[in-house]
Amino acid sequence: MKRTAMELAAIATAAVPGLTPVGFAALSDDAEDFDSALIVDALKHRWRVRSPRHDEASMRLEAELSALRAFSAKVRASLPFSLPAVAGTVRQGPLRTFVYKDMPGHVPTLDELVDVGSNLAKSLGQCMAAIHQIPDEAVEVAGLPTYTADEIRQRKLNELDTAAATGKVPSGLLRRWEHAMEDVALWRFNAAVVHGDFDEEQLQISHSSITAVKGWTDLHVGDPADDFAWLSAIEDQSFSERVFTAYVEARGKAADPHIMRRAALAAEFALAQWLVKTLDSKDYERIAEAEEMLRELDQNIAEYGGQPLSVVEAPRPLAPQPEAPAQKAPEKPAAVAAPSINTDKVTPLAAESPNSATPRSTASNVQTAPEKSGDQPKSDAVQADAKNSAPAEEEPASKAAEHDSDAAEAESAAAQPISTAEPAEENNKPVEDAGK
């Protein structure tokens, strides 16, 4: 049941004896979990009322009360901002409403926060570093959750499986988040005290400095990147970079270089977590809204690339490969032609006598012309075919000539002697018949 600011003012009088409200106004808060109001009393003192709307929200307020009580005077003195102080509580049935003393400054809008300039960015970075330097014992004493880096990563993987099982998360986002969650290098960090619900609505600012931080309902030991997730929604990334630079300067070697990557992952993945939550509530209007936001995120990342998440780059989709040409059937080895004869350097044989039956042999009389230096080499395939089909071609021409010459002499000793080749300059002259 939603309570108005007037109703909350009436509840506050029961929580803080002597409180006399003279003015009230609604405050911005997590509308699903809390009703909040600002009250001004007769002495001009300001009070903040926060009333839970269900059991889970009530448990968060109880956790904040435990955390604030666990912060020692030493811890409070080390923080560059004020912490909330609970002035009183009142129980209504199973739920308890809390009244806090208001703190100096005012709650900034996101645009106002960025427009203030680099001075506030530096103050914000130092503020976040101070939170992450709170000793873990302060949280452990309060009985609040404590997680290691590996436990945080495994929880997110389990939540990713739950989101994927809905069938309503675009596959591109699932692959992107899964790759980041399985990137071991991204999850090598030291867990620290984390505010858990950090954003501009939990701040009080005055004169470009942060005067107070409230909303400690989700305090735990976990991933420092969770407190940076809200910065991913700021379009002016230079502001986020200045905040992170101031944070690193304040924390020194304890600062994790991959905080902003996990912060971007947390901001994107929060949409899937919200989708799962709305599915459990059966609120179909919000389910449709969550689905639409996931589709828009998927389209924006596909078009603009999105902020880098993984330390190890995600595998790129393989480019379509050209189809391999069909293998040709092996060609039939080409017949090897006989060695070409340079007729310019061959002396014609003498005319045979009409009655001679001796065959004419020219093998021993042939001089194979050397290849010209300008001839193009054969392709490898052709050379291979020639080699396999006619190994005899590789024999020196002189051996072939000697073999044919011996055969010719055995068959006939009557063959006419072959005159030696003429000098090169006389090759083109006709040779007279030997019988003349």
Side-chain angles (χ1 to χ4, degrees), residues 1-69 71 81-110 112-113 142 144 195-206 211-219 230 270 274 277-278 280-287 289-290:
M1 180 181 69
K2 182 174 177 59
R3 294 180 174 89
T4 64
M6 181 181 292
E7 291 173 326
L8 292 175
I11 294 173
T13 60
V16 182
L19 175 61
T20 305
V22 296
F24 49 83
L27 282 179
S28 174
D29 205 336
D30 187 347
E32 293 185 3
D33 296 334
F34 305 103
D35 296 321
S36 298
L38 178 67
I39 298 173
V40 179
D41 65 10
L43 299 176
K44 304 300 182 184
H45 294 154
R46 296 156 66 95
W47 309 82
R48 187 166 57 95
V49 184
R50 208 175 192 199
S51 182
R53 302 191 65 180
H54 48 76
D55 290 343
E56 182 184 349
S58 180
M59 292 175 62
R60 290 176 61 192
L61 288 178
E62 298 290 346
E64 180 182 41
L65 179 61
S66 298
L68 293 174
R69 286 175 175 173
F71 288 155
F81 50 81
S82 299
L83 291 172
V86 178
T89 65
V90 60
R91 186 175 294 279
Q92 293 178 306
L95 308 179
R96 187 156 62 148
T97 298
F98 286 68
V99 180
Y100 304 84
K101 292 180 180 180
D102 195 32
M103 293 175 288
H106 68 279
V107 179
T109 64
L110 193 58
E112 180 185 2
L113 189 67
L144 298 175
H195 181 280
D197 192 28
F198 202 95
D199 59 21
E200 73 279 7
E201 292 184 355
Q202 309 303 340
L203 302 176
Q204 299 273 128
I205 68 170
S206 177
T211 57
V213 177
K214 52 187 185 289
W216 297 83
T217 57
D218 295 317
L219 183 71
W230 66 286
W274 186 51
K277 187 175 181 179
T278 55
D280 291 339
S281 69
K282 307 297 183 183
D283 187 334
Y284 297 107
E285 182 177 348
R286 290 191 176 183
I287 292 173
E289 184 180 355

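Small disclaimer: the values here were computed from a predicted structure and weren't measured.
- In this structure, Phe198 and Trp230 have tilted ring planes: the angle between them lies in the 30° to 60° band.
- A distance of 12.0 Å separates CG in Leu83 from NZ in Lys214, rounded to the nearest 0.5 Å.
- Contact annotation: the side chain of Phe34 approaches that of Leu61 to within less than 4.5 Å [non-hydrogen atoms, C-beta and beyond].
- Two residues are said to be in side-chain contact when any heavy atoms from C-beta on lie closer than 4.5 Å; Leu203 and Val107 fail this criterion.
- Remark: Tyr100 engages no residue in a ring-ring contact (aromatic ring centres under 6.0 Å, His included) (not counting sequence neighbours).
- In this structure, Arg53 CZ and Asp29 CG are separated by 11.0 Å, a value rounded to the nearest 0.5 Å.
- Across Glu201 and Ser28, no two heavy atoms sit closer than the pair OE2-OG, 3.2 Å.
- Using a distance-only test at 3.5 Å, with no hydrogens or angles considered, no donor-acceptor pair links the side chain of His45 to the main chain of Ile39.
- Leu65 has its side chain within reach of Arg96: a pair of non-hydrogen atoms, C-beta onward, lies under 4.5 Å apart.
- Taking both residues in full, the closest heavy atoms of Thr217 and Ala63 are given as O-CB, 3.9 Å, listed atom of the first, atom of the second, then distance.
- The two residues Leu95 and Ser58 make their nearest non-hydrogen contact at CD2-CB, 3.7 Å.
- Residues Pro104 and Gln204 are not in side-chain contact: their nearest non-hydrogen atoms beyond the backbone lie 4.5 Å or more apart.
- For the pair Phe24/Leu8, no side-chain contact is recorded, criterion being any heavy-atom separation below 4.5 Å from C-beta on.
- Residues Thr97 and Gln92 come closest through the heavy atom pair OG1-OE1, 4.0 Å.
- Contact annotation: the side chain of Val40 approaches that of Arg46 to within less than 4.5 Å [non-hydrogen atoms, C-beta and beyond].
- Looking at Glu64, its side chain does come within 3.5 Å of a backbone N or O of Trp216 through a donor-acceptor pair.
- For Arg91, the CZ atom sits in a packed shell: over 12 heavy atoms of surrounding residues, nucleotides or ligands are nearer than 6.0 Å.
- Minimum interatomic distance between Pro108 and Ile205 (heavy atoms only, all atoms of both residues): CB-CD1, 3.4 Å.
- The nearest pair of heavy atoms linking Ser82 to Met103 is O-SD, 4.1 Å.
- To the nearest 0.5 angstrom, Glu200 atom CD is 8.0 Å from Thr109 atom OG1.
- Distance check: Asp33 CG to Arg50 CZ gives 8.5 Å after rounding to the nearest 0.5 Å.
- Between Glu289 and Thr278 the shortest side-chain heavy-atom distance does not fall below 4.5 Å.
- If you take NZ on Lys277 and OG on Ser281, they are separated by 8.5 Å, rounding to the nearest 0.5 Å.
- For the atom pair CD of Glu7 and NZ of Lys2, the computed distance is 10.0 Å after rounding to the nearest 0.5 Å.
- Counting only heavy atoms from C-beta outward, the side chains of Phe71 and Leu219 approach each other to under 4.5 Å.
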